[in-house]
Every structure is written in structure tokens, then in C-alpha cells.
Amino acid sequence: MRSLILAATLLSAAIPVLADEVTGTILAFDRVDSLIVLEDKTIWSLEFVDEIPEDLAAGDEVHIVFETAGEDGITKINAIHRK
């Protein structure tokens with residue numbers, strides 16, 4: 001029984017974090033709240049991004065690199081680049 005509990009604990013702690021990316025055109029950018037909305041209506045928080053392009057604006061095409069934890073959603077945006 002102990003080994004079963006230990007195995008379940010190890011498996012739950014080993015949820016893989018996957019890198020992913022998206023490209024899109026900015027529909028709106030709120031620099032104060034660090035949010036961008038892409039034309040597909042997805043909203044991205046840039047709150048923890050280290051480096052945001054200085055003159056980022058609506059109409060710019062961007063490439064966002066982020067990490068996901070399976071069904072738990074986005075865990076971290078690693079970078080945003082203007083294309």
C-alpha cells in the first residue's frame with residue numbers, strides 16, 4: 001500500500017511543463033495593466049515578462065513563447081517578440 005501511495009505522489013509531482021508558442025496581431029495593448037488582446041480575442045497577461053518591446057502597439061504582429069502545465073493552463077510567458 002505504501003508503494004502505491006508513493007508512486008501516486010511521484011506521478012502527480014511529475015506533471016510536465018510544455019513550451020508552446022503563438023503568433024498573432026495585437027488588437028489592443030494596455031501597458032498599465034500589462035495586458036494584450038490578440039485579434040483572435042485571446043487575452044495575454046505580460047505581468048511577469050522580463051522584457052516587453054518598448055514601442056509595442058496595436059497592429060503589431062507578435063510571437064509569444066509560453067509554458068503550459070497540461071490542463072492546468074498557462075504557467076508562464078517566457079518571451080514576447082515583435083515579428
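Residues: numbered from 1 along the sequence shown. Predicted model, so just to flag it, every value in this text is computed and none were measured. All values below were derived from every heavy atom in this structure, side-chain atoms included, with hydrogens, water molecules and symmetry-related copies excluded.
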- For residues Trp44 and Ile77, determine if any side-chain heavy atom of one lies less than 4.5 Å from a side-chain heavy atom of the other. yes
- Can you find a pair of side-chain heavy atoms, one from Val62 and one from Leu38, that are under 4.5 Å apart? yes
- Under a 4.5 Å side-chain heavy-atom rule over Ile, Leu, Val, Met, Phe, Trp and Tyr, are Val49 and Val65 clustered together? no
- Counting distance only, does the side-chain N/O of Asp33 pair as donor-acceptor with the main-chain N or O of Leu35 below 3.5 Å? no
- Message: Nearest 0.5 angstrom please: Leu46 CG to Glu51 CD, how far?
- Response: 12.5 Å
- Below 4.5 Å, heavy atoms only, C-beta onward: do Ile80 and Pro53 meet side chain to side chain? yes
- Query: What's the spacing between Phe66 CZ and Lys76 NZ if we round to 0.5 Å?
  - Reply: 14.0 Å
- Query: Below 4.0 angstrom, N of the basic side chain to O of the carboxylate: do Lys83 and Asp60 qualify?
  - Reply: no
- Take atom CG in Asp50; do more than 12 heavy atoms of anything else shown fall under 6.0 Å from it? no
- Item | Heavy-atom side-chain contact between Leu56 and Arg31 under 4.5 Å | yes
- Item | Side chain to side chain, Val37 and Phe29, heavy atoms closer than 4.5 Å | no
- Message: Checking Ile26 against Glu39 for the side chain to side chain contact (heavy atoms under 4.5 Å, CB included) test, could you report, in this order, the C-alpha distance in whole Å, the side-chain angles of both residues, the deciding distance, and whether it holds?
- Response: CA-CA 6 Å; Ile26 297 175; Glu39 285 186 338; over 6 Å; no
- Should Glu61 and Arg82 count as side-chain neighbours, where that means a heavy-atom distance under 4.5 Å? no
- Item | Verdict with reasoning, Ile64 to Ile36, per side chain to side chain contact (heavy atoms under 4.5 Å, CB included) | CA-CA 11 Å; Ile64 300 172; Ile36 62 171; 3.9 Å; yes
